[in-house]
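Structure, as structure tokens:
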Amino acid sequence: MEEKAGTDAVQVMLFSGNPHTRQAVMDAAGLSGSFDIPPIDWQEVATPDAVKQNFAEDRYAALVLDAETYQEGGQSVARWLNIHADKVPPIIMLVARQQDEWMSRWSGASYNVPAPYEADAVMAALRKALSQTT
């Protein structure tokens, strides 16, 4: 499901193999962001291949990747993008535990949000990431 926002919306790709995780992140961010960030047009993807196929430099203001996706998680995808793409937007990594932050940094993620994906943590990461690109 892709949330449609206005023409001034920023595009954010959200990768997780778990539809409940994707919904939890979008719910935490709210339908139209907050007063200090623009509305978000979410593009949901469920597989690493979909991330790689849909990724286009300069299209996304940020990427939200789930490190806990089965088989190939967000950290692997982030590392691949950082090696193969010329310009990668800020990456927010969804992690099971805050202790996994070191691996997210190694993969090229700018920010981490530990589970459970609470509104304050999701919004803080989105605010920082979007301030770099908008």
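In what follows, every heavy atom counts, from backbone to side chain, and hydrogens, waters and symmetry copies are set aside. Note that this is a predicted model, so its numbers are computed, not measured.
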Residue pair A61 / P90: nearest heavy atoms and the distance that separates them: O-CD, 3.5 Å
Results of side chain to side chain donor-acceptor pair (under 3.5 Å) for R97 - residues two or more places apart only: D100
Test item: S76 side-chain N/O and G73 main-chain N/O as donor-acceptor pair under 3.5 Å: no
Test item: L94 and L65 side chains (from C-beta on) under 4.5 Å apart, heavy atoms: no
Identified side chain to side chain contact (heavy atoms under 4.5 Å, CB included) partner of P89 from the options L63, V12, V10, L130: L63
Shortest non-hydrogen contact from F55 toward A85: CE2-CB, 3.6 Å
Minimum-distance pair of heavy atoms, taken over all atoms of A62 and A129: CB-CB, 4.2 Å
Heavy-atom side-chain contact between S107 and N82 under 4.5 Å: no
Qualifying residues under side chain to side chain contact (heavy atoms under 4.5 Å, CB included), relative to A24, sequence neighbours excluded: none
Atom of Y117, atom of V95 and distance for their closest heavy-atom approach: OH-O, 3.9 Å
Considering all heavy atoms, the nearest A29-W42 contact: CB-CZ2, 3.7 Å
From H20 atom NE2 to D27 atom CG, the distance as rounded to the nearest 0.5 Å: 12.0 Å
From N112 atom CG to M103 atom CE, the distance as rounded to the nearest 0.5 Å: 12.0 Å
Separation between CD of Q71 and OG1 of T47, rounded to the nearest 0.5 Å: 11.0 Å
Between CG on residue N54 and CG on residue D49, distance to nearest 0.5 Å: 10.5 Å
Atom pair CE (M93) and CD (E68), whose distance is rounded to the nearest 0.5 Å: 10.0 Å
Polar side-chain atom of R127 near backbone of I37 as donor-acceptor pair, under 3.5 Å: no
4.5 Å side-chain heavy-atom contact, L81 and V51: yes
Close side-chain approach of D8 to P38, heavy-atom, < 4.5 Å: no
Distance (rounded to the nearest 0.5 Å) between Q75 CD and T69 OG1: 10.0 Å
Which residues share a side chain to side chain contact (heavy atoms under 4.5 Å, CB included) with A125, sequence neighbours left out: I92, Y111, V113
Exercise: identify the closest heavy-atom pair between R22 and A46: NH1-CB, 3.6 Å
